Each structure stands twice: as structure tokens, then as C-alpha cells.
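Below is one structure, written out as C-alpha cells; comments come after it.
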Amino acid sequence: MQPKISVRTEPFDAAAESAALTKGRADIGALVSFIGLCRDEGGALAALELEHYPGMAEEEMARVAQEAARRWPLMGLTAIHRSGRIAPGEPIVLVIAASGHRAAAFAAAEFMMDYLKTRAPFWKKEWRRDGTAGDWVEAKDHDDAAMERWREPGKRGE
Amino acid sequence: MQPKISVRTEPFDAAAESAALTKGRADIGALVSFIGLCRDEGGALAALELEHYPGMAEEEMARVAQEAARRWPLMGLTAIHRSGRIAPGEPIVLVIAASGHRAAAFAAAEFMMDYLKTRAPFWKKEWRRDGTAGDWVEAKDHDDAAMERWREPGKRGE
Amino acid sequence: MKAVYFAWVRERVGLTDEEIAPPADVRTVADLLAWQIARGENYAYAFENAKAIRAALDRKHVKHDAPIAGVREVAFFPPMTGG
Amino acid sequence: MKAVYFAWVRERVGLTDEEIAPPADVRTVADLLAWQIARGENYAYAFENAKAIRAALDRKHVKHDAPIAGVREVAFFPPMTGG
């Protein structure tokens, strides 16, 4: 199982990525997809600007994917992260995990997201509707906590 | 938030169902989709025949969806289960959960699947490639265990 | 009262559904299972292992000690295997 | 050694990357941060709160006590907010 990792500016086609994982095989019982979207709760956001560390972003995503593949019996794993300006409602990140059974697929997809959030070198800057630059999005403690729980014994689906 | 529940024989379009949940809104940050597929490990399976209890199947799926909506702050929840003959590699069930944040979306989607597995009145019968009827698929203890863990305190994403 | 059967319970009984009229002393699902077993070989075969039988009354899951008074539809089926 | 900066570290330093040549007694990432702060106001502003700065050596996350000997590329950036 070779994970597919990609960083790119253009949108992704989640359905096509899912189809690529399942095509021509009948051993996959569970496919879990996560799509992270640009959210605007206050109505003042024009876009998020996603900056990344070229080279390291892909390498770190690949390291996380290899760790997921080591932990769970996966038949497919795709992670695509966009960079550049992304408007509210648009997709930012896609993770798809395929496995024989649902527990492994759910756990692997959530593990990927928890690790990508805190280990993949991406940063979000807000741009406001009035054309001015907003703040850099701050990292959240609960994201670190979400990652840490995968270090505990008795991890899910393993 | 009104969950969408459906039981039907024809395939579903997961991308269209996702798009229906997110269209025209910018408050959804996380979309988790689960697709359960007909699996054939041994190579002897012609199809699974999905039998269901019309009326109760939809009602029970709706009850589980309402319970998920009560537990997590969801902005969309879709559950589609197919009935009839389904060939290996084809999709059987789709669950999509939309929320502001990923922990709630992951937990709600996995909760839906764990509950549907053990509470929704569907049964699978195997049909072999030689044309003969195989066994009725037996319920698995680990599916009951998967459901039971949602009763424990400190449930995820709540 | 309408009885409906699914999966291998349906195959063993040989019917998808039927009208049944159990006597007044059949008060619970467990009573109904015992009464069904006495109705014939097909019923005895279908319901021989009561632990393997799930029941629903008017489309809601119930345990075997649930009372059947006033129920219009009782369903018998094996543990579910959807999803 | 090439230094690269991202997000608000990049904005405060005012550069995306540069060649740096720290003296021999700068042995760890922490040493490098202290040395950077002394290089000017923009560096002092960027690196004033060392706890808020993450570092990578040759594209791998490291802690501040990591030795920098032999490293070709050092990166400084805030905690990540992708996903």
C-alpha cells in the first residue's frame, strides 16, 4: 500500500480520489473520507491564505501516512492538502482511508487529520472582506491533545 | 438540522450527497463520509442480498440519527442504506456527518455506523458464484462491543 | 395481530407474514415464542434457539419480557447484519 | 547554512530565506535563536518568544536542544495550523 500524498493549489475531486482507491478490487469493506472546509462563522472572512513549507509539507504528510499504514491494515490512503487562497465554503484538505473493516478506516483517517493538524508545516492567514489582512490562525491546545491521545495504550482499531 | 434517511435498491452518489449538505453555506468545517462496500475476500461470492424490514428500517435509522444529532453539534447528517442484491466492490451504505469541527463529525459518523450495524433491521445473505445460496451473515460480537463503548462516560467529541 | 418474519426466521417459518391469534395467556414476547414453537415443525425449527431471536413490537426493538397487549405487528428476526 | 522562515516569523523577519553563518559556539537551535535575536530589531521581534517558535532541521521537526552541526537548512515557524 503506497499512500498518495499531494500539496496543490487547485481543488480536489473527492469522488475521483475515492474511486481510484476502490477501482477493480473487492477486498475493501470500509472507506472513510474527511474533507476539511474553509469556515467563516462571523461573515467577515474573504479567504484563508494557506502557506506551506514546500518539500517538508509533502515529506511530513508522507511520514504521517507511513505511521498510519504501520498501525492499521490499510488498503489505501490518500491525503491532499491545498495551499494558496481558499474562500469560505471551499475544501482545504482531503483524507481517505480504505480498509477491510470500518474501525481501522475511521481510526486511520482521524489519526491522519490529528497528526496533519499539528505536524504538517501549513499556516493559515485570514484575509478580511474589507481587503485587509487579518490574523494568523493560532494553533489550538485541543489539537495537540487530539494528537497526544494516539500515544496512549489501547489505541482504536489497532 | 433534519437528517436525511433513505433505504433504496439503486446506488447512491456520495459526492452529490456531500454537496447537498455543504451547498450555499460556510459554517461547516468538517465533513466525514463513510462508505461500506460489499467485500469478497475468498473470491467465491457472487453477491450479498440485503433484506430489510420496510418501515422499521427507516424509522430505526432516523432514531439513531436523532440520537447522533442530540449528542454532537451537527450541521448535516445523511444515512443511505441499500437493499437487494449487491455485487462485490459495490457500495452498501453511506453515512455523512457535517459539523463545525472534525472531532464531532468523526464521532457522529462512527456512532451512526456502530448503531446501524446492530440496531437497523437489515440482514445479509450470501449468494455464491456457482449460483447456490450461501449462509446468512452472522452478527459479530465486536459489532455489539463497538456499539456499547458509546455508552461509556467521556464519549468522543461531545 | 400481524406477525412478520425476516432472514432465516422467514425461511424456516416459510412465510413472510401472517395473522396470528394467540390465546389470552400469551402475554409477553417470550410467551409468544413458546406458543409459536408448538404450532408446527417449521415454527419449532425457526424458534428453537430463543436466544438467537430478536423481536420488534410495532417496529420498535423490545426484549423478550416485553408485554404484547395492544400490539398490531410483531416481528421476529435474527441479530441484524446491516451496514 | 540556509535559514527559511514561514508565516508571521517570515513577516517579522522580512525575508523568506537567507544564507546565515553563525559562529562556531552556536551549537543548538536554542543557540541559533539567541544569535538571531541579536542580529537586529526585526529578528528580535520575530524570535522574542522562543516558546512560540518551532524549528526544523533539513525538513524534520526538532526540539530547541537539537544540534545544528552539518545541517544545510534550518526553518523557523509558528505552531502549525493546517488541516
Side-chain angles (χ1 to χ4, degrees), chain B residues 5 7 34-39 48-64 67 79-84 86 91-95 109-126 133-144 146-147, chain C residues 1-20 28-30 32-33 36-37 41-83:
Chain B
I5 302 297
V7 177
F34 174 87
I35 297 176
L37 301 141
C38 176
R39 203 161 52 90
L48 285 176
E49 185 178 343
L50 269 290
E51 179 173 337
H52 76 292
Y53 185 170
M56 181 172 165
E58 294 86 344
E59 288 170 19
E60 195 63 30
M61 288 168 73
R63 280 192 280 271
V64 174
E67 173 69 12
I80 301 175
H81 203 305
R82 293 176 67 193
S83 64
I86 297 175
I92 296 173
V93 61
L94 171 70
V95 165
E110 195 167 6
F111 170 91
M112 282 293 295
M113 284 308 307
D114 287 347
Y115 268 67
L116 290 187
K117 275 264 174 190
T118 51
R119 293 196 57 88
F122 290 86
W123 301 272
K124 293 193 185 100
K125 182 174 186 158
E126 296 171 349
D135 296 322
W136 286 92
V137 173
E138 284 195 45
K140 292 174 185 66
D141 288 342
H142 66 72
D143 283 331
D144 285 330
M147 192 188 77
Chain C
M1 176 186 286
K2 184 181 179 187
V4 295
Y5 309 113
F6 294 100
W8 54 254
V9 174
R10 170 181 56 73
E11 289 181 338
R12 290 181 183 187
V13 169
L15 296 168
T16 59
D17 61 279
E18 63 179 324
E19 282 298 321
I20 58 172
T28 67
V29 169
L32 197 50
L33 280 166
Q36 290 270 54
I37 283 175
E41 269 185 31
N42 53 331
Y43 294 97
Y45 180 40
F47 298 112
E48 64 186 356
N49 180 8
K51 281 190 182 175
I53 304 290
R54 303 290 175 93
L57 297 179
D58 289 333
R59 298 179 178 179
K60 283 187 179 160
H61 292 296
V62 295
K63 295 189 173 172
H64 287 191
D65 61 0
I68 61 169
V71 164
R72 283 161 303 179
E73 185 169 296
V74 57
F76 294 106
F77 43 78
M80 289 142 285
T81 56

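Computed from a predicted model, the values in this text were never measured in an experiment. Note on naming: letters A, B, ... go to the chains in the order of the sequence lines (proteins, then strands), and numbering restarts at 1 for each one. Computed over heavy atoms, backbone and side chain alike; hydrogens, waters and symmetry mates excluded.
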Q: Can you tell which part of B:E49 gets under 4.5 Å to a heavy atom of chain C, answering side chain, backbone, both or neither?
A: neither
Q: Tell me the residues of residues 71-83 of chain C whose non-hydrogen atoms fall below 4.5 Å from those of chain B, in number order.
A: C:E73, C:A75, C:F77, C:P78, C:P79, C:M80, C:T81, C:G82, C:G83
Q | Separation between CH2 of C:W8 and CH2 of B:W136, rounded to the nearest 0.5 Å | A | 10.5 Å
Q. What part of B:P54 is in contact with chain C, defined as an atom under 4.5 angstrom from a non-hydrogen atom: side chain, backbone, both or neither?
A. both
Q) Can you say whether B:K117 sits under 4.5 Å from chain C via the side chain, the backbone, both, or neither, judging by heavy atoms? A) both
Q) Is it the case that more than 12 heavy atoms not belonging to C:E19 sit under 6.0 Å from its CD atom? A) yes
Q: Would you mind checking which part of B:R119 comes under 4.5 Å of any heavy atom in chain C, side chain (CB onward), backbone (N, CA, C, O), both or neither?
A: both
Q) Are there more than 12 heavy atoms of other residues, nucleotides or ligands under 6.0 Å from atom CD of B:E138? A) no
Q.
Checking an interface table here. Which of residues 45-60 of chain C come within a heavy-atom distance under 4.5 Å of chain B?
A. C:A56, C:R59, C:K60
